[in-house]
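Below, each value reflects all heavy atoms present in this structure, side chains not excepted, and no hydrogens, waters or symmetry copies.
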Amino acid sequence: MDDNIMNDNLNSDPNPNESNMNGPPANGQKGSVPDTPVSEHNSMQVLAAAEAQARAKAEEHDREILARLRTKSRRGFLVGGVAAAAGLGFWRWLNTRAEVSGIAAPFRKALEFNAKLGRLLFQNGILAPEFSPADAVKDFRRNGDVGLAKIELKDWRLQLVGAANGSSHPRFVDNVAAWTYGLDPADLADGDGTDDESDTPPEAEKVHEDGAKRSAVKPESMEMPQSPPAKMPGLLLKMEDVHRLPHFEMVTEFKCVEGWSEVVHWGGVRLRDLLAAFPPATRSGRPFDASTRPDDIPEYVGFETPDGEYFVGIEREVALHPQTLLAYEINGTALSADHGAPLRLVTPLKYGIKQLKQIGRITYSETRPHDYWHERGYDYYVGH
Amino acid sequence: MSPEDMEDMKEGSMKDPKPKPGIVASDAVPPDDSAAAVLLPTPKLALEHKHPLAIRWMHWVNFPVLSIMIYSGLLIYWADSQHNDLNSHQVYRIGVGGWTLVRLFPDWFYKKLHLEFGLASGMGYHFFFMWFFAINGLIYVLYTLASGEWRYLVPNRHSFSEALQVTLHDLGLSKHHPPKRKFNGGQQIAYTSVILMGLGSLVTGLAIYKPTQAHILASLLGGYEMARWMHFWLTMAYVGFFLVHVAQVIRAGWNNFRAMVIGDELVPYAAEPLGAEAQGKVADHG
């Protein structure tokens, strides 16, 4: 009964203190209501009880909140901990996979995936920005001398392997690899024939070589035959054959994978003009036509230095790009030995590591040619 | 109440006599003319859902991914730093024109960090984790747009003056703290900027990665070297952001940090429960 009154009072009257001052209700009108007025004392009791009940409710509410917080925290931090451990496990797993060409397999796969995507989106019509010859550097930086040898121009030949109908060409020889460039045959493809013959300033080469060594890359076999293959039929071209192709100049930005870049004024011939003059055997058997059937030729073009120490491969579309050159000049003068005399590869579609100096052999290849830095953990494509 | 709960409340600064960031005593009890309502005890605590699950995941995924991007970026820069004397144009430096105060980074810096030189592995990491960074960032932006969460994050016309007030307050130069909201003006500017910086890293990164195929982009950025310069300094800005962010998280305390893990924050009870969409009354930092 008391409880009811209390609740009634609370519910019906927002201000019980005031209602007390109004005095007792009219007597005898409502039998069910006690006829004694609610005293000050009772009112206090009612309030105290209400307060106690509200406090109990409030405390219960807060306890529930804290219980929920504890549950959520336990779950949240547990999930977070498991996720963090999984992330760390993933990182360890990535780094402990077997190496493929000098880098853990997942990273090699990612590089290959990126390359595939790059080739898919590649457009041969897009040209690298060209600059004015005045913007070109006077003294182009030298970086790396792997594969460079001292060769007299009269001793230089360009070995071309994979040309169509080669055997009927006047420059055909049944073994281009037999050409020795006037070098001691012992220096050819024997592993360390070039270092002491280089013109490159030693401080420049050392940093680069040192860097390569410090990069925790395990040296792999060079994939080079210890002695040239018994026979490699092809064309043995002279510099005059190269000079007969249309002369082309461009001023483009040369970009090194290490992070530096310089604007260089190149002169030479386009590789695509060489491909047109000495076309590779086509897949269809029809004569090669770069403008209508660019896909009709082998997928890669490989390059090697005369001693076989440095070697790269580029994709067909890069070979056919109008800014891919076989350069024999910088700033209008013949290439110096440390820039790859007499002929080097230049393309703004790749980092410098692909722009091989001192070309000895060019091979049209259906399979991907071996590549010096690729074997040391770098991306094969490094395409721009 | 268990002792831990009491501890929780202290850490959440619920019973702190001094108004800590975000707790204003009068906020706990809504103004009410009714004397009874004032006298009767009300609950003190409430949980407020502050960070959606998706945002928490993307935030915590980004932390290691961005760390790896910065780490592998350092390995890549190292290949350039090793030729300090050779680099005529000196992209990575503090200096103007022909004058350079310091080249970034000096050799001792890499040694101090105990890094192992590796351009190949640096690029391997960089071109693997760039996908995680880009995709996570893209989903974050799409999610904040679709969920309406962007409304709390994008600065408005008050944000800049508010950011100044918050900065002065946090540096102890001013006692005045602007009204508490889920994210204050300073946070809005910081969190929106860091997303724009992420976009900047992707754009400058693409320009460096494909300078011929994306040469128009590279030219718009001021050329290849300028794109590299921007890419580098954006990274430096992340490091700056990270340091301030962590300092502010430490300042704001455990309750705030926990909310980034579990989603909910312990807040003072309000008579009219705040809806999930309602703006929080507790300010946080970080």
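The candidate from W57(B), Y77(B), Y125(B), F127(B) with the greatest count of non-hydrogen atom pairs under 4.5 Å with chain A is Y125(B). Each of G118(A), G87(A), P129(A), G80(A) has some count of heavy-atom pairs under 4.5 Å with chain B, and the biggest count is that of P129(A). For the options S219(B), A214(B), G124(B), G263(B), heavy-atom pairs under 4.5 Å to chain A are most numerous at G124(B). When M123(B), R56(B), K210(B), M130(B) are compared by the number of non-hydrogen pairs under 4.5 Å with chain A, K210(B) comes out ahead. With respect to chain B, the highest number of heavy-atom pairs below 4.5 Å among Q123(A), R75(A), K72(A), K255(A) belongs to K255(A). Of all the listed residues (P106(A), A58(A), A84(A)), the one sharing the greatest number of non-hydrogen pairs under 4.5 Å with chain B is A58(A). With chain B as partner, the option from N114(A), V257(A), T252(A) having the largest number of non-hydrogen pairs under 4.5 angstrom is N114(A).
Contact annotation for F129(B): only side-chain heavy atoms (C-beta onward) come within less than 4.5 Å of a heavy atom of chain A. In this structure, chain B has a heavy atom under 4.5 Å from the side chain of E253(A), while its backbone stays farther away. For L127(A), the part lying near chain B is the backbone, with the side chain staying farther off; criterion is any non-hydrogen pair under 4.5 Å. Looking at I68(B), the atoms closer than 4.5 Å to chain A (heavy atoms on both sides) all sit in the side chain, from C-beta outward. Residue F90(A) touches chain B through its side chain alone, counting heavy-atom pairs closer than 4.5 Å. At a 4.5 Å heavy-atom cutoff, the contact between N95(A) and chain B is made by side-chain atoms alone. The contact between P211(B) and chain A is made by backbone and side chain atoms together, counting heavy-atom distances below 4.5 Å. Proximity to chain B (any heavy atom under 4.5 Å) is shown, for V137(A), by neither the backbone nor the side chain. For chain B, the nearby part of F113(A) is the side chain; its heavy atoms alone come within less than 4.5 Å.
Checking T212(B) against H384(A) by side-chain atom types alone, no donor-acceptor pair falls below 3.5 Å.
By the 30° and 60° cut-offs, the orientation of the rings of F257(B) relative to W60(B) is perpendicular. Classified by interplanar angle (parallel below 30°, tilted 30° to 60°, perpendicular above 60°), the ring pair F232(B)/F105(B) is tilted.
Relative to the ring axis of Y372(A), R376(A) places its NZ or CZ within 45° and under 6.0 Å from the centre.
Looking at R55(A) and E51(A), a side-chain N of the basic residue comes within less than 4.0 Å of a carboxylate O on the acidic one, giving a salt bridge.
Using a 4.5 Å heavy-atom threshold, the side chains of V346(A) and T324(A) count as separate.
Considering R228(B), R93(B), R103(B) in turn, R103(B) is the only one that fulfils the salt bridge (Lys or Arg N to Asp or Glu O under 4.0 Å) rule with D80(B).
Separation of the Y92(B) and W233(B) ring centroids does not fall under the 6.0 Å cut-off.
Without hydrogens or angle criteria, D62(A) side chain to L45(B) main chain gives a donor-acceptor distance under 3.5 Å. Within the 3.5 Å criterion, the main-chain N or O of M58(B) finds a donor-acceptor partner in the side chain of N136(B).
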